[in-house]
Amino acid sequence: MIMNLVLTMFTLSMILIMIMSTFSKKSKNWREKMIPFECGFNFFNSAQMPFSIRFFLIAILFIIFDVEIALILPLLTTFFSTSLKMWIFSSFALMLIILMGTLIEWKENSFEWKK
């Protein structure tokens, strides 16, 4: 009963938010408001700068390995609170997944900065 009431209130609030956001929009897009502001001067070159895809891939690799380290750290704290067989199995499975990911990245030459 209470769940139905909560679901109904949630649905009504979402519909109300969608209706209010539709009617509260400004309809005019001024040309001057759509261009970037540079002290009143016309800009000489594009605001977009060239971006290296290799740099992006290296950054993604660092994020992935950072998350892996965050997954390894709780293994140390759970060593004494779980059985030894379960701890060895879970740590071996995690290390195997990390090793397989590293080998795949190495095979694809993702660790190379320049070719």
Item to check | S90 OG to M95 CE distance, which is reported to the nearest 0.5 Å | outcome: 9.5 Å

Checklist entry - Residues two or more places apart in sequence or in another chain: which of them pass side-chain hydrogen bond (donor to acceptor under 3.5 Å, both in side chains) with E105? => result S110

Checklist outcome for this item: Residue set satisfying side-chain contact (heavy atoms from CB on, under 4.5 Å) with I19, at least two apart, ordered chain then number -> I15, F23

Show me the donor-acceptor pairs, under 3.5 Å and distance only, between side chains in residues 1-11 and residues at least two apart or in other chains.
{"from": "T8", "atom 1": "OG1", "to": "N4", "atom 2": "O", "distance (Å)": "2.7"}
{"from": "T11", "atom 1": "OG1", "to": "L7", "atom 2": "O", "distance (Å)": "2.8"}

Item to check | Contacts of type side-chain contact (heavy atoms from CB on, under 4.5 Å), residue I63, not counting sequence neighbours | outcome: none

Item to check | Contacts of type side-chain contact (heavy atoms from CB on, under 4.5 Å), residue F79, not counting sequence neighbours | outcome: L84, W87

Item to check | T78 OG1 to L73 CG distance, which is reported to the nearest 0.5 Å | outcome: 11.0 Å

Checklist outcome for this item: Output for pair (L71 CG, S91 OG), nearest 0.5 Å, gives 13.0 Å

Next on the checklist: Among residues at least two apart in sequence or on other chains, which ones pass side-chain contact (heavy atoms from CB on, under 4.5 Å) with I98?
Outcome noted: E68, I72, L94, T102

Item to check | Rounded distance [0.5 Å steps], CG in L99 versus CD1 in I104 | outcome: 10.0 Å

Checklist entry - Does V67 share a hydrophobic cluster with I60, counting links as ILVMFWY side-chain heavy atoms below 4.5 Å and allowing steps through other members? => result no

Checklist entry - Taking ILVMFWY side chains as joined if any heavy atoms are under 4.5 angstrom apart, and letting links pass through other members, which residues group with L12? => result none

